[in-house]
Amino acid sequence: MLANDESNATYLGFDLSTQQLKAIAINGSLQVIHESCVHFDTDLPEFRTHGGVNQNADQQTVTAPTVMWIKAFDLILERLKINGIDYNMIVAISGSAQQHGSVYWKKGAINTLKNLKADNFLHNQLSQCFSCRDSPVWMDSSTTKQCRELEQWVGGAQQLADITGSRAYERFTGSQIARIYQTKPEMYGQTERICLVSNFCASLFAGDYAPIDYSDGSGMNLLDITTHDWSQQCLDYCAPDLRTKLGETLIPTPSVIGNISQYFVDRYGFNVDCKIVSFTGDNPASLIGMGLRKDDVAVSLGTSDTVFLRLTNPIPALDGHVLCNPLDDNSYMALICFKNGSRTRERIRNDCSEGDWSLFNELLESTPRGNFGNIGFYFDFKEIYPVISGDFRYNKFDSEVQRFSKEVEVRACIEGQFIRLRVHAENLGYNIGPNTRVLATGGASANPAMIQALSDVFNAPVVLKEQPNSAALGAAYLAKYSLIKNEMTFEEMIEETISGLVAANPSLDAYNVYTPLAQRYRKQENEIAKKANHTLNV
Ligand code: XUL
């Protein structure tokens, strides 16, 4: 019996991330009822990965063994069963996977995929099905040559961003495929299908090649984000016959691909009517898992500082990514990522407040909003934008200075980091409005003084969202939403489930202080970018 009865219906979401495979099962009320996990390094040591990946000596080529991911599915399905999951009650399965990575199926692999034998593990049956044994992943940075060639091919970096939502990035799949074609043409020739990690996982469950979804597809530098079709111009640069190898059809993210493969019915007792829903990238899945509403901005303050937001009229730029919105084909999401997050905050804390966060907060609170007009840029690691490292400090006359007092330094670091999130969100077309809420996650979101500064910089309330498994949860929500999307909106579906605590409200003068400061920040950032030899055209 399939669980048509809502009270028993179960939805399963996977997240195949860099270091682990996670599974979350939810009931019809979106409550988590089962969780399980496989860590690649420790649970599958025979693949000898470090942090889930293998790096070559020059550290630029970063891959993961494709079969390791398959074996992780064999293992997690056993673990979920031991945890007591009833596979017969699963109505739909979806998933999330690290964006940009790619999988290369060998000619003839489809026959094996369609005829899996229930008495054997997946990894034993599929181990010989890949023309490229190791999948390039998002940490790979070996494709600089292909990136510059692709940009040139379409007329420049901004032109590529206008078509695909992003300038060329080393980790994006188009340049990865181009490198394989250029350096190993025979391997490319032996490939019948190229998948992203997301639709590779969906293919395992569907027992057939699953299409790429719009949202994950927009992290490839190959998809035209306006038409939702492949950009023939971009495909032509990368490799011949690529449209066929990627699959002609792209699908909206909340789509049912088909029923589960007979293999899972026979081996694990899944119901024959269980639906396989499109899998997507981890960033779109996190947007779903955090329950991002139309006007919300999600800010994750961790090792890197990242912003997600939804956009109706995006302005693709050279400093962030515009992806198709996983919940709405007519709108977009932006993803902006900066490398210098918590490690830089910790450095300033060590320099200015003897490594003590409470003293750091006292210093922060002892200076006024706007920091007497002083602005600071702190880049411990070479930043994604501007591509530079070092510290840059400006006084209220926009003159560069060598140092600030300790309390000014602390505020300059925090305000500078938060203003850049706002400025770059605005560069991509986001407008702060009366309904804006900032959803904050990550380590620094626990610091009340920082959260107050975040609220002031965005002139919006900050809501705390501690959701460590937002991608896997987002996948489970996606499984359910895809089945009911004609009956209700996503917002209606999650209404009562996703709440959060308002942790800070903006001060009365926040708008007047930070609107001009953000303008000055933008100008000075462009000056710094000139030093690094590139500027944004904003
Ligand atoms: C985003 C990116 C990473 C991966 C992590 O563009 O490369 O966030 O998605 O899995």
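Keep in mind it's a predicted model, so treat the numbers as computed, not measured. Just so you know, ligand 1 is whichever comes first in the structure, and atom 1 is the first atom listed for that ligand.
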Just jot down the ligand 1 atoms closer than 4.0 angstrom to any heavy atom of [X], in number order.
X	result
Gln98	10 (O)
Arg171	1 (C), 2 (C), 6 (O), 7 (O)
Leu335	1 (C), 6 (O)
His100	1 (C), 2 (C), 6 (O), 7 (O)

Quick one about [Y] and [X] (side-chain donor to acceptor, distance below 3.5 Å, no hydrogens or angles considered), yes or no?
X	Y	value
Asn431	Glu426	no
Asp380	Thr344	yes
His424	Glu525	yes

_Quick check on Arg243: does its CZ atom have over 12 non-hydrogen neighbours (other residues, nucleotides or ligands) under 6.0 Å away?_
yes
_So for atom CD, which belongs to Gln152, do other residues, nucleotides or ligands contribute more than 12 heavy atoms lying within a distance under 6.0 Å?_
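Count not over threshold, so no.
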How close does the nearest protein non-hydrogen atom get to [atom], and which residue and atom is it?
atom	result
atom 8 (O) of ligand 1	Asn283 ND2, 3.5 Å
atom 9 (O) of ligand 1	Asp282 OD1, 2.7 Å
atom 3 (C) of ligand 1	Trp138 CE3, 3.7 Å

*Are the aromatic ring centres of Phe490 and Tyr481 under 6.0 angstrom apart?*
yes
